[in-house]
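Structure, as structure tokens:
The sequence lines fix the lettering, A, B, ..., with proteins before strands; numbering per chain opens at 1. Keep in mind that the numbers below use all heavy atoms, side chains included, and drop hydrogens, waters and symmetry copies. This is a predicted model, so every value here is computed, not measured.
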Amino acid sequence: MTNTNSLLKVLLRSPDTVSSKYQAKQLHAQILKFKPSSSTYLSTLISIYAKFNLLHDSLLLFNTLHSPPILAYKSIIRCYAAHNLLVQSLGCFVQMRASGKCPDHNVFPSVVKSCALLSDLKLGESVHGCIIRLGMDFDLYTGNALLNMYAKFQSLGKSGSQGNGMYKMFDGMSERMFCSEVSGELVHKSEKRIMSMDQNPSLNKARSVSPQINGSSEVIDRFYREIHDSYGEKAERSTTMDSVRKIFEMMPRRDVVSWNTVITGNAQNGMYEEALMMVREMGNADLKPDSFTLSSVLPIFAEYVNVSKGKEIHGYAIRNSFDEDVFIGSGLIDMYAKCSRVEDSLRVFRILPQRDAISWNSIVAGCVQNSLYDEGLRLFWQMVKAKVKPKQVSFSSILPACAQLTKLNLGKQLHGYIIRAGFDNNLFISSSLVDMYTKCGNVKVARRIFDKMEQHDMVSWTAIIMGYALHGHARDAISLFEQMEIRGVRPNYVVFMAVLTACSHAGLVDEAWKYFNSMTQNYGIAPGLEHVTAMADGLGRAGKLDEAYKLISSLDRPVGSVWSTLLAACRVHKNIELAEKVAKEIFEVDPENVGAYILLSNIYAAARRWRDASKLRLFMRDKGIKKTPACSWIEVKNKMHAFTSGDKSHPNYDKVHETLKVLLEKMEQEGYVPDTSEVFHDVEEEQKKQLLYGHSERLAIAFGIISTAAGTTIRVTKNIRVCTDCHTATKFISKIVEREIILRDNNRFHHFKGGNCSCGDYW
DNA sequence: GTAGGGTTAG
């Protein structure tokens, strides 16, 4: 019995030797047997339970103590925080203060962290006050926690009751003097804020833990008013990062964590140069950047699109064996992707020894951002297969891939998952859904999602306005744009592209000019290439070719793509003279512009100038300039079927061919006359018809007709603009087969129904 | 006590 008793003492004197939950329980039994009333023993046991994160056991024991010693409180506070029960953790801290116990330095890091995680600036400042009064601000760990807290508040855009951190509050004022003002009171005034839980509804929950705690909110309010009145003016001029800097400078000792915390704070608040300067300064302080430093710095080079600096970091990481770190891995993947070096992202991803949800998301997002949609989708499924649960970000990364590839079925499946997971109130995801549904041809559903959203930001407005624009619903787009202005949302660069696109697709030239001018006049946004392109497009379609020419010429350095818009208009309005002039401009800045060669040769062909057309073709062949092959695709039963013009490789080709033959007969009965004017080849009429007949969009539509149930909508996507004859043909087809056919080309949507197209033949 | 991934764009 004596032996057991002394063993007990040894164990309790060196609690670190207790190495398992089982041993802790054994120890518990021994205490109950020999020293049931020793609060010292019991609180040591609580600390052991807390060390193993056994919150329940610690609490049961804690509640048996009448006056828990400080060690018991500290253990519970830390254990709550470890379980992310921040309010409870803070509640326990309040209870400890109320019981008159003086906290020691190792409680504060977790208390400060809880304030940071709760984004409760007022509470954090109060805790800071308490720390200063107790002289704990010289503790390294506490100081680091404070740095982190204020840096987080800064990135949340929080400015406190004083407009800045606690140090500012004490700035220029003798700390001692301030404390003596409140001497004689049991606790410092600012601490009363912590004790008064009336103002913080989340803290009221903590009452269940500490029911005996109460405080007067009136006193606290007065306290804050006083502080605010005397320091408010100064406060407005400074930021929370100033407090971070100040704390940092006042720390008697700084370690890598201190440096990293401030560097990260600067990096996340857009103060890139300060962050980079501090990395250099770190060396002077004899501290080497570690994996934390690097992963805070990598996003800066991603933002700066500076791949050579990013590579330097990569090299440093390899030399110091940080390259296998998951954080560095995802940072590198993201950096390379943002620098358009997605191949390097993939390489980094492939050799990562460990992958977590974020590494997966980084690579998926990286692929999608660099237009590798299929690869992005493949990796997304691989991630799911690897049993990594998709998070909210995963969906906002992958939905644009569905949108681009017109994968409506997949998009719907993901939408279902999003709803089940309760992610549908996420602003990023909702905007992606709006975009995905419009790009897959379903504006109505997109609008329903948009209307259901609790709040709209610039991106969601842009997504829906652009959606209407692409479907030719200019009036809806404009009305939404006006609603947005009324709601006080300031239009930006992108949304003007959307509204100008809407006007141009519907031929609303006057409205287009109105918005174009209002950009500079009302919002101070200089029109960019994209806006001029949209304007020129609208003017060109409306036949105002000279006006468009003048507008483009007014640009400093018009690029090929702006001129191409006008060249397309020249084709529609059969203006060869201007077309040649425009083409010359294009070839001067962009001699390899494939689209321009094709357009010009089509223009020559339409004018039956075969010699000029073939001269261009020969020139292209000599130069090795290849035409982008036309391709159309359709999703049937979750599978994509792609067709190129004249393509006979599809397993159902015979049936497709047969269907087209039957359709052609019916179409001709209805009055369809093939428009062969744009077939550039100098061949016989009959052969031209054959060429038209094999156009990729027709193959895809025919396949849609035979492989889907009668009456269902057919959705086809084409990589380049739909040709004039196919447009006419599809109108006939929609009437004959009594189907709605939605054709998306690289420019806009066409909804064919009952022999008509939503674009009103204006495109 | 410190770190990484997201939406709109002819």
Nearest to the side chain of [X] - [options]?
{"X": "Thr501(A)", "options": "dA3(B), dT2(B), dG10(B)", "value": "dG10(B)"}
{"X": "Asn260(A)", "options": "dT7(B), dA3(B), dT2(B)", "value": "dT2(B)"}
{"X": "Ile358(A)", "options": "dG4(B), dG6(B), dA3(B)", "value": "dG4(B)"}
{"X": "Ile429(A)", "options": "dG6(B), dG10(B), dA9(B)", "value": "dG6(B)"}
{"X": "Met466(A)", "options": "dA9(B), dG4(B), dT2(B)", "value": "dA9(B)"}
{"X": "Asp356(A)", "options": "dG6(B), dT7(B), dG4(B)", "value": "dG4(B)"}
{"X": "Asn426(A)", "options": "dA9(B), dA3(B), dG6(B)", "value": "dG6(B)"}
{"X": "Thr462(A)", "options": "dA3(B), dG6(B), dT8(B)", "value": "dT8(B)"}
{"X": "Lys439(A)", "options": "dT7(B), dG4(B), dA9(B)", "value": "dA9(B)"}
{"X": "Met497(A)", "options": "dT2(B), dA3(B), dG10(B)", "value": "dG10(B)"}

Review point. Between the side chains of Gln392(A) and Asn426(A), is a donor N or O closer than 3.5 angstrom to an acceptor N or O?
Key: yes

**Study point:** Distance flag, aromatic centroids of Trp360(A) and Phe349(A), threshold under 6.0 Å
**Key:** yes

Distance below 4.0 Å between [X] side-chain N/O and [N] OP1 or OP2:
{"X": "Asn148(A)", "N": "dT2(B)", "answer": "yes"}
{"X": "Lys338(A)", "N": "dG6(B)", "answer": "yes"}
{"X": "Gln369(A)", "N": "dG6(B)", "answer": "yes"}
{"X": "Gln268(A)", "N": "dA3(B)", "answer": "no"}

Review point. With a 3.5 Å cut-off and just heavy-atom distances, do the side chain of Ser396(A) and the base of dT7(B) make a donor-acceptor pair?
Key: no

Review point. Between Asp104(A) and Lys74(A), is there a side-chain N and carboxylate O pair less than 4.0 Å apart?
Key: yes

**Study point:** Nearest-Å distance for atom pair CE/P, residues Met278(A) and dT2(B)
**Key:** 16 Å

Check your understanding: Got a sec: does the NZ of Lys544(A) have more than 12 other heavy atoms crowding it under 6.0 Å?
Key -> no

Review point. Any sub-3.5 Å donor-acceptor pair from Ser460(A)'s side-chain atoms to Leu427(A)'s backbone N or O?
Key: no

